[in-house]
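Each remark here refers to the structure printed beneath this line.
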Amino acid sequence: MLPDFAGDPATRYNGPAQDWQDMTGEDDNQFRAARLDKLGQLKALGVDPYPYAFARSAEAGVLEERYADLAPDSVTADRVAVAGRVRAMRNGGMFIDLHDSSGKIQIFSDKKLLSEQQLAVVRLLDLGDIIGVEGIVRRTRRGELTVNATEVAVLAKALLPLPEKYHGLADVETRYRQRYLDLIVNEDSRAVLRQRSRIIASIRRRLVERGFLEVETPMLQAIPGGAAAKPFITHHNALDIDLYLRISPELFLKRLLVGGLSDKLFEINRNFRNEGISPRHNPEFTLLELYQAYVDYEAMMEMTEHLVTEAALTAGSTTRIVYGGKAIELAAPWRRAPMAALVLEHTGIDFLAIDSAAVARAAARRLGIELADTADWGHALYAVFNTRVESLLIEPIHVTGFPREISPLTKTDRNDPRLTERFESFINGWEIANAYSELNDPQEQLVRFQAQMRERELGDEDAQRLDADFVTALEHGMPPAGGLGIGIDRLVMLLTDSPSIRDVIAFPTLRPKG
RNA sequence: GAGCCCGUAGCUCAGCCGGUAGAGCACUUGACUUUUAAUCAAGGGGUCGCGGGUUCGAAUCCCGCCGGGCUCACCA
């Protein structure tokens, strides 16, 4: 059923109406009420609790380094201005732990240095407030680097309390729904998302170094192509047409290759697949996709190893990682093995010796694998690989020899017409990369699309759709090329030892709370 | 979509062979100018996810629903 886009514009986009009229109403919450009272007192003192800016001169982490050699119980003449969130107060506000994104600095509220008005402000502070402090750097007798406050400014009064200061926030649902709380109190969560950013920066840097051009292609597509997956449907009002959120950027990146925008291009961006959610699947996920003209898929193996090992070195110090207690060595070169050989190794079935779809189906079914009666040789082989082999591929491996039937955008294997020049790279049993010698023969591409359309008609909703405009683009000539896709979220999971894809996505998809 | 598990104060958790709710942190008030999970004293705070059932009595047992987690299916 299509969503109904008619109706009241005010309620069109956000689902059930929010109780927006009551949001600033009565205080049902003792913590908020107490803080609102303090907010009023601050204003009565002439303090703006939400000022525009603060002239910060130093971050906590920088001070920690700069004064590493400052002896305990010594005072400098250095005046600094720091800012951050109040995370702890001791002795009635005399000592404050101020956290910024670089670390922690202690604030000392000295009666002798602060005015009566300033001391009153300090008394009105709460845990969670964002403040700015100017003062003198010293190290206490107990060795804590400290700023002796001469000025204390409220930069943002917090009206709600933070989670428990010692145990942090453990409830996974709250961690995902209110990620900001998770980030404030859980250092590990901050670390993972920072690592994500560094890993993506590493990939982008390596590609740019190698002469790749970063591009952007449509998220909204009239024909969702480039992958086998169920798309999200949306609607454009002015054109009055349904559009799909892309499941892959592939067909558009290839159009740019046809156009010669660059012989080396890449995109790092979101894709959307309307499928199940699991610890390894989020409906929107980030994919690196790159194309390099005049090379084949062998070059993509080297590229995969390069990007993954460089990312690992960015996230850690070696190519040896530990995921879920398992040590995995990512150093190149990775093992390479054909799919059929792996299936033979793990099941004893030699699909390459099977020459009919019926025999292939029977072989797969003997292993307990369910297959439609229309399943062909390639689907049977892949089903066996998928269910019996994939999860065993812990150490990095490039699996080659993908069947033609499941690889409609890939050049046929130059030595075996049943196969294609495609590989997927697996680490920890997960597909991390998918790469081809890209099919650039427009007539064969059309035949492949037509085979996909027949599969759709036989009931395979995920079979790829014919994109006639893409075939036309190929008719204008696309250079031979290698193409590669790497799942960024899973790569970040591996490199940060994160058990769930939700841990590496700041705002994972959740059911809206009723 | 199926199975299993979970939902108690703002947070972290205890209580669960049925007798009507507790701790620590946080909060409020007070003490404290060299603390750092500060400490000490006093106090406030709960439709025990929601609804129904069984029962003299339900946080506790049963059913349904909502939300979440894991596994499986889906993701060729």
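Just so it is clear: chains get the letters A, B, ... in the order the sequence lines come, proteins before strands, and each one is counted from 1.
Classification of Arg404(A) and Glu444(A) as a salt-bridged pair holds, one side-chain N sitting under 4.0 Å from a carboxylate O. Using a 4.0 Å cut-off between charged side-chain N and carboxylate O, Arg270(A) and Glu284(A) make a salt bridge.
At a threshold of 4.0 angstrom between heavy atoms, the contacts of Leu160(A) with the nucleic acid are absent. When heavy atoms are screened at a 4.0 angstrom cut-off, Gln106(A) is found touching base atoms of the nucleic acid. Within the 4.0 angstrom heavy-atom criterion, no nucleotide atom of any strand lies near Arg175(A). Using a 4.0 Å heavy-atom criterion, one finds that Glu275(A) contacts the sugar-phosphate atoms exclusively. The residue Ser109(A) sits close to a base: some heavy atom pair falls under 4.0 Å. Contact annotation for Glu370(A): no contact, since no heavy-atom pair falls under 4.0 Å across all strands. The residue Pro499(A) sits apart from the nucleic acid: no heavy atom pair falls under 4.0 Å. Using a 4.0 Å heavy-atom distance criterion, Arg138(A) is classed as a base contact.
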Secondary structure of RNA chain B per the Watson-Crick/G-U criterion (both distances under 3.5 Å; [ ] crossing, | other strand, . unpaired) is (((((((..((((.....[..)))).(((((.......))))).....(((((..]....))))))))))))....
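Between the CZ atom of Phe95(A) and the P atom of U39(B) there is a distance of 14 Å, rounded to whole Å. If you take CZ of Phe31(A) and C1' of G46(B), they are 11 Å apart, rounded to a whole angstrom. Atom CZ in Arg280(A) sits about 14 Å away from atom P in G69(B), given to the nearest Å.
At a threshold of 4.5 Å between non-hydrogen side-chain atoms, the residues Ser102(A) and Glu64(A) do not count as touching. Within the 4.5 Å cutoff, the side chain of Met89(A) has heavy atoms near those of the Leu127(A) side chain.
The aromatic rings of Phe272(A) and Phe232(A) sit perpendicular to each other, their planes meeting at more than 60°, with 30° as the lower class boundary.
The separation of G46(B) from A2(B), taken at their P atoms, amounts to 38 Å, rounded to a whole angstrom. The gap from the P atom of C4(B) to that of G64(B) amounts to 11 Å, rounded to the nearest Å.
Taking the six-membered ring for Trp and the full ring otherwise, Phe385(A) and Phe351(A) have centroids separated by 6.0 Å or more. Aromatic rings of Phe402(A) and Phe423(A) (six-membered ring for Trp) have centroids beyond the 6.0 Å cut-off, not under it.
Counting distance only, with no hydrogens placed and no angle test, the side-chain atoms of Gln30(A) and the base atoms of G44(B) include a donor-acceptor pair under 3.5 Å.
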